[in-house]
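Structure first, then comments.
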Amino acid sequence: MQVQLWNRQGDAPLLEYDPATADMVEVNRLVDELEVKHGARAFDKTTGEEVKEVTRQTQDVSLVRALAGG
Amino acid sequence: MFRSWYRRSFLAHWNTPVTNGMHALAFSVNVAAGVLNLVDRHWYTAMVNFLVGGAVIGMNIALGFSRRRLDRNLEAVRVRLLELQEDTNMSHEEKEIIDAKADRNLAAVIKSTGAEYINGRCVLRVRGIQFHIRSEDIIRINEQNQYDQTCYQSMPMPRAEKIASAILLLRRDPGLFDKWKNNHGKLFL
């Protein structure tokens, strides 16, 4: 499974893990760090919901970066 | 041509300490002269003084709005230039692959959020509010059919993913629309 960031260079996977064997606590910690680093929120593309906690059932996590007013 | 030059030149320099000082001085002198003329019962001269003072204030307000519009346009141009600069480093094939992937992401988001793609814009309905989302702007129509519009900007990303980002964020928090509308250039999640 991948955690992706949407950007102009293509959606580079920032994190890859195997949901069957991965330590989900560690995965969540890394996702939290990535959210802070990129000023983004994790969303599940398949449900359209914000991902508060990544579980083994979570699919297609995409980091959506903040948008600015214009 | 003169008008265009004057506007550009004035917009570039109107907000410096010197011009602000000159405007404040012109306003103060005219108001003071107006008051003195009122005391001396020179009504027409006093009226002219107050009109000039009012014109200085009005000019500053109008130029403030112009400047904000100019800043917004410059910011949009800057982001677009950044995108173009990055695009030139990519081959046509790479760009097509990235855009196709972005389109797939948008399609997935539209499907999962129940949004619709109508006439070149994505329509999202949240709690009785309709958002019409394009890559440049968002239109909001509330339950009373009142219409509102805002532009929005993203970090460089394909247009389809910019729209998808707006859909996901607005679905989670429709109040973001007002934040984007009222805070030019500030980021909100």
Side-chain angles (χ1 to χ4, degrees), chain A, chain B residues 72-73 75-76 79 82-83 85-87 89-90 94-95 97-99 101-102 104-115 136-138 150-158 160-162 164-173 176-189:
Chain A
M1 211 60 79
Q2 292 182 341
V3 176
Q4 295 183 328
L5 177 73
W6 290 349
N7 64 36
R8 192 70 203 159
Q9 278 79 35
D11 306 335
L14 299 178
L15 178 67
E16 286 184 87
Y17 63 95
D18 180 356
T21 58
D23 175 359
M24 296 314 288
V25 175
E26 181 66 5
V27 169
N28 277 290
R29 190 185 66 75
L30 290 170
V31 169
D32 286 346
E33 277 182 16
L34 288 170
E35 282 185 336
V36 173
K37 182 181 173 189
H38 294 283
R41 284 272 185 282
F43 280 86
D44 186 338
K45 238 176 11 187
T46 51
T47 63
E49 298 290 339
E50 183 182 353
V51 177
K52 295 248 182 352
E53 187 185 356
V54 183
T55 64
R56 296 190 196 283
Q57 286 74 43
T58 310
Q59 296 179 6
D60 285 332
V61 178
S62 299
L63 291 182
V64 175
R65 285 187 287 184
L67 298 175
Chain B
R72 271 205 294 271
N73 293 341
E75 181 61 22
V79 170
L82 215 70
E83 287 177 1
Q85 196 179 8
E86 286 173 0
D87 284 353
N89 298 331
M90 279 181 221
E94 279 175 327
K95 194 174 173 305
I97 291 168
I98 288 169
D99 284 343
K101 197 170 180 188
R104 284 200 298 276
N105 281 336
L106 175 60
V109 168
I110 286 175
K111 190 178 169 193
S112 65
T113 56
E136 304 83 23
D137 59 3
I138 303 171
T150 182
C151 298
Y152 70 110
Q153 302 163 38
S154 69
M155 304 297 272
M157 67 174 73
E161 285 179 348
K162 185 181 174 188
S165 300
I167 292 175
L168 289 171
L169 293 174
L170 280 172
R171 184 166 178 261
R172 189 192 59 145
D173 178 11
L176 279 172
F177 180 91
D178 289 316
K179 291 181 181 169
W180 290 331
K181 185 169 191 284
N182 299 323
N183 297 279
H184 161 63
K186 282 192 184 168
L187 291 164
F188 292 99
L189 266 173

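Just so we're on the same page: letters track the sequence lines, and every chain starts at 1. Just the heavy atoms: all of them, side chains too, but no hydrogens, waters or symmetry mates, feed the values below.
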Flag the one option from A:S62, A:A40, A:A66, A:G39 with the top tally of heavy-atom pairs under 4.5 Å to chain B. A:A66
Residue pair [X] / [Y], side-chain heavy-atom distance below 4.5 Å:
{"X": "A:Y17", "Y": "A:V3", "value": "yes"}
{"X": "A:H38", "Y": "B:M155", "value": "no"}
{"X": "B:L170", "Y": "B:W180", "value": "yes"}
{"X": "A:L34", "Y": "A:L5", "value": "no"}

Which residue out of B:T113, B:N182, B:L169 racks up the most heavy-atom pairs below 4.5 Å with chain A? B:L169
Count the heavy-atom pairs under 4.5 Å between each of B:K101, B:R171, B:K181 and chain A, then report the option with the highest count. B:R171
Need one label for [X]: side chain, backbone, both or neither, based on atoms under 4.5 Å from any heavy atom in chain A.
{"X": "B:A164", "result": "both"}
{"X": "B:A102", "result": "neither"}
{"X": "B:T150", "result": "side chain"}
{"X": "B:I98", "result": "side chain"}
{"X": "B:D137", "result": "neither"}

Is the side chain of B:K162 donor-acceptor paired with the backbone N or O of B:Y152 at a distance under 3.5 Å, no angle test? yes
Backbone N or O of A:V54 within a donor-acceptor pair of the A:N28 side chain at under 3.5 Å? yes
In terms of heavy-atom proximity below 4.5 Å to chain B, should A:E49 be classed as side chain, backbone, both, or neither? both
So, for B:L176 and B:L189, which heavy atoms are closest and what is the spacing to 0.1 Å? CD2-O, 3.6 Å
